[in-house]
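Step one of this worksheet: look at the structure below.
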Amino acid sequence: MAYRYYKDNREFIEALRATGDLVTVEPEVDWDLELGAIVRRVCELQGPSPHFKKIKDYPGFEALGAPLATYRKLAVSLGLPAATPIPEIGRAYVERTERGEPLKPRVVDRSRAPCKQNVWTGDDANLFNLPAPMVHDGDGGRYLATWHMVVAKDPDTGEVNWGMYRQMVFDEKTMVGPVLPFSDMGKMFFNKYVPRNQPMPFATVIGMDPLSGVAACAPSPIPEDEFASLLMGEAVEVVKCETSDLLVPAHAEIIIEGEVLPGVWLEEAPFGEYTGYRTSPRERRTVYRIRAITFRDNPILTVSNMGVPTDEGQLLRSFSLSLEMEKLLRSQGIPITGVYMWPESTHHLVVIGTRHAYTGIARQIANLVFGSKLGPWFHMVVVVDENTDIYNKNQVIHALSTRCHPVNGIHVYEGDVGTPLNPFATPAERRMGKGAKVLFDCLFPRDWQPSDIPILVAFDTVYPQEIRDKVLANWKAYGFSE
Amino acid sequence: MAEYDAFFENLQEVPQDEEIRLVIRDLTPGRAKYRCQVVRAKVSSEPSKYPERLWPRLGRGQWVGEPWSIRVVEEVDPIPEAWR
Ligand SMILES: Cc1cc2nc3c(=O)[nH]c(=O)nc-3n(C[C@H](O)[C@H](O)[C@H](O)COP(=O)(O)O)c2cc1C
Ligand SMILES: [Mn+2]
């Protein structure tokens with residue numbers, strides 16, 4: 001059964017407009033910093049997405065900024081009311097992705113694929129014909145791909161990967177960006193194509209429908225083109241590329257086709273990153289050579305502006321990383337009560353609630369999530385008991401500050417996988433992609449005498465039910481307004 | 001006079017007045033602004049030593065503000081011939 005969802009970015013724009021989560025920007029804006037600055041401010045205010053109608057130097061092109069940088073917009077993308085509470089949005093994600101059967105994408109004829117309305121090949125396939133913004137002052141270049149997905153295929157199994165890997169315009173035909181070695185595309189490219197000295201066909205999809213975007217940035221255990229169908233409840237419509245047999249979402253705005261070159265590396269970065277800093281060094285990174293560009297009439301470029309919270313990478317990766325962790329922990333039978341990451345942690349800190357079923361459970365939880373495919377992307381695990389509301393910052397800070405023993409409760413993991421993007425990492429660690437991790441165990445030890453365990457002093461925990469009922473019933477009568 | 005910028009981890013360590021490989025960005029306004037090119041060039045911290053202007057930036061994009069100068073000896077195509 002199909003859920004309510006939006007087949008393309010344009011339907012999504014109308015949905016956001018209807019919920020008051022979109023602003024149409026009629027005056028011309030400059031792709032050189034002005035557009036980026038507007039999107040940055042929108043992220044910091046958690047405001048409505050700007051739909052830019054006119055971009056300097058690029059008549060006919062439009063842009064959508066901060067397409068999914070709030071929980072409201074995420075809820076809308078899933079066909080839920082904009083004000084849906086976070087745990088309910090999470091429940092929808094888990095139910096859809098656990099319950100449904102993943103469907104292979106449905107290939108449509110190019111006549112039914114709007115992304116084929118315009119085709120540029122040869123000299124026309126020139127990256128400077130697209131309005132790549134200079135997102136932040138001081139970035140290493142113009143980033144064309146900030147909210148997008150890169151399609152690639154395993155040369156042996158044919159398995160498809162959709163992932164977000166940022167791309168900077170180097171010259172007319174060349175883009176460059178980091179492909180981290182533990183990502184799915186990194187494993188494919190570095191372990192298979194590079195050793196065979198074989199170029200890897202790719203297609204960068206910009207302005208796909210919102211749920212394909214959610215799927216592409218989720219650390220999904222199954223191919224994302226099928227994962228997207230779980231979120232939608234029906235198969236994604238795709239169409240064959242001009243220059244390869246890769247399949248791309250038929251209703252996307254812009255497709256850039258080409259090959260990732262083995263053995264060629266070019267300077268990329270610095271760039272304002274999801275951590276809220278420019279951290280990773282300018283260094284030689286993966287090279288994308290382009291062969292064709294196809295696009296819809298009046299294409300709408302999607303632009304994310306990474307920086308201090310909240311951008312869509314922080315929000316959506318916090319969302320999907322924590323929920324994939326929840327599924328993993330439950331699949332191992334661990335009696336967790338929930339998993340949450342605040343977007344403001346830039347998906348570095350995860351809070352996990354559990355029943356304290358046996359000694360060592362916090363270590364087991366941390367070992368499992370640090371050791372999983374999700375591990376490289378975060379480094380702080382806070383384990384709290386089932387009575388702590390993991391979505392409530394006040395309660396989590398209170399638990400962390402009072403229950404975590406500075407010696408017995410903090411466990412440090414050295415020599416782990418990290419990324420060059422970690423602001424806290426030493427320059428040498430960043431170069432080697434080395435990381436460190438820490439567990440904050442906020443469970444009172446099970447070997448304490450029951451009478452030694454501190455009692456939480458709260459309205460709900462230290463008064464008999466009849467007193468609480470009476471106080472609540474009389475609250476206004478006492479003279480309180482709320 | 002053309003204007004470029006380039007990123008350097010450490011300005012003190014940049015070899016001056018000898019041919020080096022570097023990536024420069026063309027600052028000419030218009031659609032191709034910030035186009036990158038790999039060049040062999042000589043650079044100098046003296047702003048008038050070479051014909052073109054080079055604005056240095058540091059490794060995290062910091063604008064230095066003191067112009068250097070550059071002579072581009074040749075543009076190098078970084079893509080091996082087989083894959084052009
Ligand atoms: C906006 C955005 C930009 C990203 N850029 C990169 C990148 O440049 N390189 C990278 O390796 N991962 C990047 N990531 C993370 C990957 O997209 C992420 O690992 C994704 O889930 C792919 O997962 P997979 O490796 O499981 O397929 C980015 C994520 C987001 C949301
Ligand atoms: Mn993947």
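Counting non-hydrogen atoms of neighbouring residues, nucleotides and ligands closer than 6.0 angstrom, the NZ atom of A:Lys173 exceeds 12 such neighbours. Within a 6.0 Å sphere centred on CG of A:Asp297, heavy atoms belonging to other residues, nucleotides or ligands number more than 12. Residue A:Tyr277 places its OH atom among 12 or fewer non-hydrogen atoms of other residues, nucleotides or ligands, all under 6.0 Å distant. Few gaps surround CD on B:Glu74; more than 12 heavy atoms of other groups in view lie less than 6.0 Å from it. Applying the 6.0 Å contact sphere to CZ of A:Arg41 captures no more than 12 heavy atoms from other residues, nucleotides or ligands.
For A:Pro262, the parts lying near chain B are the backbone and the side chain together; criterion is any non-hydrogen pair under 4.5 Å. For A:Val287, the part lying near chain B is the side chain, with the backbone staying farther off; criterion is any non-hydrogen pair under 4.5 Å. For a residue to count as touching a neighbouring chain, one of its non-hydrogen atoms must lie under 4.5 Å from one of that chain's; by this rule A:Arg278 touches chain B with backbone and side chain alike.
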- When you look at A:Asp137 and B:Trp63, which way does the side-chain contact (heavy atoms from CB on, under 4.5 Å) test go after all the steps? CA-CA 9 Å; A:Asp137 191 19; B:Trp63 182 253; over 6 Å; no
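Listed options A:Pro199, A:Gly140, A:Gly141 were ranked by heavy-atom pairs under 4.5 angstrom with chain B; first place goes to A:Gly140. The residue among A:Thr174, A:Leu261, A:Asn126 with the most heavy atom pairs within less than 4.5 Å of chain B is A:Leu261. Interface remark: of the candidates A:Val169, A:Asp57, A:Leu127, A:Asp57 forms the most heavy-atom pairs closer than 4.5 Å to chain B.
Legend: residues meeting side-chain hydrogen bond (donor to acceptor under 3.5 Å, both in side chains) with A:Lys56, ordered by chain and number and at least two apart, are absent. Every residue two or more places apart in sequence or in another chain that forms a side-chain hydrogen bond (donor to acceptor under 3.5 Å, both in side chains) with A:Glu172 is listed here: B:Arg35.
When side chains are defined from C-beta on, B:Val23 counts as touching A:Phe170, because their heavy atoms get closer than 4.5 Å. Counting heavy atoms from C-beta on, the side chains of B:Arg31 and A:Asn129 come closer than 4.5 Å. The shortest distance between side-chain heavy atoms of B:Lys33 and A:Trp31 falls below 4.5 Å.
Using non-hydrogen atoms only and a strict 4.5 Å limit, the part of residues 77-84 of chain B facing chain A consists of B:Pro78, B:Ile79, B:Pro80, B:Trp83, B:Arg84. Interface residues of residues 5-21 of chain B toward chain A, defined by a heavy-atom distance below 4.5 Å and sorted by number: B:Phe7, B:Glu9, B:Arg21.
Smallest separation of non-hydrogen atoms from A:Pro270 and B:Gly59: CG-O, 3.5 Å.
How far CG of A:Asp139 is from CZ of B:Arg57: 9.0 Å, rounded to the nearest 0.5 Å.
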